[in-house]
Amino acid sequence: MDIVNILRDKILNAVNEYAEKKNLKQSINTDIVVVERPKKQQQGDYSTNVAMVLAKALSSKPREIGELIRSRLREEEIVESVSLDGPGFLNITINLEFWNLLISEIMSNKNLYGKFDFGQGRKANLEFVSANPTGPLHLGHVRGAVFGDALSRLLEFVGYRVTKEYYVNDGGAQINVLVRTVYYRYLQKLGEDIDLPDGAYPGDYLLPLAENLIDKFGKKLKDIEEFERDKIIRELSVEYMMKVIKSDLKSLNIGMDNFFSEQKMINSNVIENSINNLKDKGLIYTGTIEAPKGKTYTNWQAREQLLFKSTEFGDDIDRPIKKSDGSWTYFAPDMAYHADKLKRGFDVVIDILGADHSGYVSRLEAVIKAFAEKKVEFEVKLVQLVKLIKNKKVLKMSKRAGDYVLIQDLLEEVSPDVIRFVMLSRNNDVPLDFDIDLMLSKSKDNPVFYVNYAHARIVSVLKRAAELKMWPITGEEDLQKRTTPFIENELALVKKLSEWPNVVKQSAKFHEPHRIAFYLNEVASSFHSLYQSSNAYGQYRFIVEGSPDLCTTRLALASCTQIVIKNGLYLLGIVPLDEMY
RNA sequence: GGCCCCGUAGCUCAGCUGGAUAGAGCAACUGACUUCUAAUCAGUAGGUCGUACGUUCGAAUCGUACCGGGGUCACCA
């Protein structure tokens, strides 16, 4: 029972009726017809712009169409009244009885309330984190990780078959740097007095690995021939770093379905194959590209390179796929990787990247267009920078300086749920200030506390009620017993809960989980308000001792609120608290 | 210089993809604890939606130009 759809169907039927009466043959675009909850209470429970947006197509005046639709809407059972206001808005007030039905609907649907089949079983691939296995995760990665995980949960909830994927960059030059750094750390651990070479990874996170090497090989590694030795270290280093990263992800409550190795592609002939595929399409050629204008390069050399004709698909310049030493650029295996995603039959492919990769987007879009054999929905979500703030000061984090806040250290101070909620409370393409002191505060400053507190209060109320042998109503039959109508604050909460399916829909449609975080705050606010006002008037409390009949629907309302909060937090990957401490 | 993102209350941000008198939280001020958890609530105050044109019944939202902030620009990943 989706009220928006009920109203919408009724409205569109009326529109068709009108069109037939006027003998209009051409089809009418009804996508622009919106049925929504208006901002102002005086504007009813729902309002629609239908009369205004379709006036032209129906070659008529807004108020004339409005009148017809109004009379049709009034036939609908759930509609209490309809008014035609302003420039032609139809403001619809819903029958009070309906809100009772909504409560019983939520009670019976429980964690399925708000679910709908938007994806229709289509396969979606979400690639996120994909951090180089050369160091631990930083806050930027965490934001991408949390975002990707939440979006995955959301898409899964609305009927997509989701694969969460991590692309492991274990093949490029940065791995050689890692190997070299690890070897030096190993030598240092053996007591040799040497500094790390230029460009090596600073920070002491590789020290445990060096110790592992000593445990395993003693001094023997030094005697092994360099090529062979690097191979050994490479394998162990990547394995070790991925273990660290995986455990970081796990402690954030994030699990991946698939880790896709770049090195494996390099070892096979997958990359050659996909490049050849493009060659056949005439999209690969040898040529030179010009230096970007406006930026001065001291050592620019025009150079013949193997290029991918990405300009064919809207990119600014064609992109090199081979370096001067003959090895692949980063882009080449990534092309093959994306070709592989398409080959695996995904209908939706979403890449979640840091904003510093924005220049990479049009290139990827070109790759998808070049390889796609069917219609594929491709989107790159860019996640903006995270600033870590403590004592009102920005903590600078640079990999080069080894100046790092480790995820594990952060987690000692802040729970993963807080991190998740804060990071998801913001649109992904706006920078985020992550203030540790605020996260630790136990007040409304800390948004997840506010939502959790509402949840804990509900749990507490229901528990107390159960002790007094009072229970929420469960279904329609019980509702018949209801004698007292909702008071204003209760109604406000019910209506807020009725918005949940639409919140899910919009969040999923636009790939914007932050809408859920905002909505949960509104639900919590509405609940706290009701709780507080009931407190002031004893007879409106959730529990009125000695009057169980008065309480059943109120308890059901509390229970429904709990259901929605729980569902919402679940989609954000957060477990609600039953009590506060 | 090109491309991408941002600019909304003192601060941090929403704004349902074109709707009605632009909304929250924080900070400020006023008030509410014999409680189903005051880690909360009620209220007051706070705005040329960066600027200017344009598109139309209607613009914070769309277009163009400009201003300001951030990111990025072959042989890194």
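Proteins get letters first, then strands, A, B, ... in listed order; numbering begins at 1 in each. Keep in mind that this is a model prediction, so the values were computed, not measured.
Nucleic acid contact for A:F510: base, since at least one base atom lies under 4.0 Å from a heavy atom of the residue. Within the 4.0 angstrom heavy-atom criterion, only backbone atoms of the sugar-phosphate kind lie near A:R426; the bases stay farther away. The residue A:N427 sits close only to the backbone: its heavy atoms come under 4.0 Å of sugar-phosphate atoms, none of a base. Residue contacts shown for A:A173 are limited to sugar-phosphate atoms, with no base heavy atom under 4.0 Å away. Among the heavy atoms of the strands lying under 4.0 Å from A:E579 is at least one base atom, whether or not backbone atoms are also near. Residue contacts shown for A:F518 are limited to sugar-phosphate atoms, with no base heavy atom under 4.0 Å away. Among the protein residues, A:E512 comes within range of the nucleic acid bases, having at least one heavy atom under 4.0 Å from a base atom.
Between the C1' atom of B:C13 and the CZ atom of A:F434 lies a distance of 16 Å, rounded to the nearest Å. Per the geometry, OH belonging to A:Y531 stands 4 Å off P belonging to B:U37, to the nearest Å. Counting to the nearest Å, the P atom of B:U37 and the CG atom of A:L462 are 11 Å from each other. Atom CZ of A:F260 and atom P of B:A77 are 18 Å apart (whole Å). In this structure, A:E262 places its CD atom 12 Å from C1' of B:C76, rounding to the nearest Å. As rounded to whole Å, 13 Å separates atom C1' of B:U72 from atom CG of A:D315. At whole-Å resolution of the value, CG in A:D334 and C1' in B:C76 are 14 Å apart. Rounded to whole Å, atom C1' of B:C36 lies 4 Å from atom CD1 of A:I543.
For the residue pair A:R303 and A:Q301, a side-chain donor N or O sits within less than 3.5 Å of a side-chain acceptor on the partner. A donor-acceptor contact closer than 3.5 angstrom is absent between the side chains of A:S415 and A:D417. Judged by distance alone, the side chains of A:D351 and A:H357 never bring a donor and an acceptor atom under 3.5 Å apart. Side-chain contact, A:Y519 with A:Q506: no donor N or O sits under 3.5 Å from an acceptor N or O. A donor-acceptor contact closer than 3.5 angstrom links the side chains of A:Y360 and A:D334.
Distances shown here put a side-chain N or O of A:H514 below 4.0 Å from the OP1 or OP2 atom of B:G15. Contact between the side-chain N/O atoms of A:Y450 and the OP1/OP2 oxygens of B:U37 is not found at any separation under 4.0 Å. Applying the 4.0 Å criterion to OP1 and OP2 of B:U37, one finds that A:R457 has every side-chain N and O outside that range. Dashed line: the shortest gap from a side-chain N or O of A:K387 to OP1 or OP2 of B:G70 is not under 4.0 Å. A sub-4.0 Å separation between OP1 or OP2 of B:C57 and a side-chain N or O of A:K56 is present.
Look at the P atom in both B:U48 and B:G63: the space between them is 25 Å, to the nearest Å. Annotation: B:C11 and B:G31 have their C1' atoms spaced 25 Å apart (nearest Å). Annotation: B:U51 and B:G68 have their P atoms spaced 15 Å apart (nearest Å). Of the P atoms belonging to B:C57 and B:U40, the separation is 48 Å, rounded to the nearest Å. Taking atom P on both nucleotides, B:A32 is separated from B:C49 by 38 Å, rounded to a whole Å. Taking atom P on both nucleotides, B:C3 is separated from B:G15 by 26 Å, rounded to a whole Å. Distance noted for atom C1' between B:G25 and B:U61: 23 Å (whole Å).
Side-chain proximity of A:K323 to the nucleotides B:A77, B:U17, B:C41 is greatest for B:A77. For A:H528, the side-chain atoms get nearest to B:C41 when compared with the rest of B:C41, B:A77, B:C36. When distances are taken from the side chain of A:D316 to each of B:U72, B:U12, B:G2, the shortest belongs to B:G2. Minimum atom distance to the side chain of A:Q532 is reached by B:U40, of the listed B:U17, B:U40, B:C36. Distances from the side chain of A:D356 to the nucleotides B:U12, B:U40, B:G71 place B:G71 closest.
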field: Structure string for RNA chain B in dot-bracket form, Watson-Crick and G-U at under 3.5 Å, | interchain
entry: (((((((..((((.....[...)))).(((((.......))))).....(((((..]....))))))))))))....
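Side-chain contact between A:F313 and A:E365: absent, with no pair of heavy atoms (C-beta onward) separated by less than 4.5 Å. In this structure the side chain of A:R554 never reaches within 4.5 angstrom of the side chain of A:M470, judged on heavy atoms. Side-chain atoms of A:K369 and A:E312, non-hydrogen and from C-beta on, never get closer than 4.5 Å to each other. Taking 4.5 Å as the limit, some side-chain heavy atom of A:N176 sits within range of a side-chain heavy atom of A:R234. The shortest distance between side-chain heavy atoms of A:H455 and A:F527 does not fall below 4.5 Å.
Using a 4.0 Å cut-off on heavy atoms, the residues of residues 301-312 of chain A that approach RNA chain B are A:Q301, A:R303, A:Q305, listed by number.
Taking every heavy atom of both residues into account, A:D170 and A:Q263 meet most closely at OD1-N, 2.6 Å.
If A:S324 and A:L530 are placed on RNA chain B by their nearest nucleotide, the residue sitting closer to the 5' end is A:L530. The residue among A:Y360 and A:P320 whose nearest nucleotide of RNA chain B lies closer to the 5′ end is A:P320.
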Output a table of nitrogen or oxygen pairs between the protein and nucleotides 4-6 of chain B separated by less than 3.5 Å.
residue, atom, partner, partner atom, Å
B:C5, O2', A:D429, O, 2.8

Any N/O pairs under 3.5 Å between the protein and nucleotides 19-21 of chain B? List them or say none.
residue, atom, partner, partner atom, Å
B:A20, OP2, A:K39, NZ, 2.9
B:A20, O2', A:Q43, NE2, 3.4
B:A20, N6, A:S47, OG, 2.9
B:A20, N6, A:N91, OD1, 2.7
B:A20, N1, A:N91, OD1, 3.2
B:A20, N1, A:N91, ND2, 3.0

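The pair A:K322-A:E304 fails the salt-bridge criterion, with no side-chain N (NZ, NE, NH1 or NH2) lying under 4.0 Å from an Asp/Glu carboxylate O.
Within a 6.0 Å radius of CD in A:E467, more than 12 heavy atoms belonging to other residues, nucleotides or ligands are found.
Judged by distance alone, with hydrogens and angles left aside, the side-chain atoms of A:N169 form no donor-acceptor pair with the main-chain N or O of A:N132 at under 3.5 Å. The backbone N or O of A:I317 lies less than 3.5 Å from a partner atom in the side chain of A:S310, making a donor-acceptor pair.
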field: A:E67 vs A:K61, salt bridge (charged side-chain N to carboxylate O under 4.0 Å, His left out): CA-CA, chis, key distance, verdict
entry: CA-CA 10 Å; A:E67 273 307 329; A:K61 288 177 189 145; over 6 Å; no
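Residues satisfying the salt bridge (charged side-chain N to carboxylate O under 4.0 Å, His left out) criterion with A:E522, sequence neighbours excluded, are A:K496. Partners of A:F128 by ring-ring contact (aromatic ring centres under 6.0 Å, His included), not counting sequence neighbours: none found.
With a glycosidic angle no further than 90° from 0, B:U17 counts as syn.
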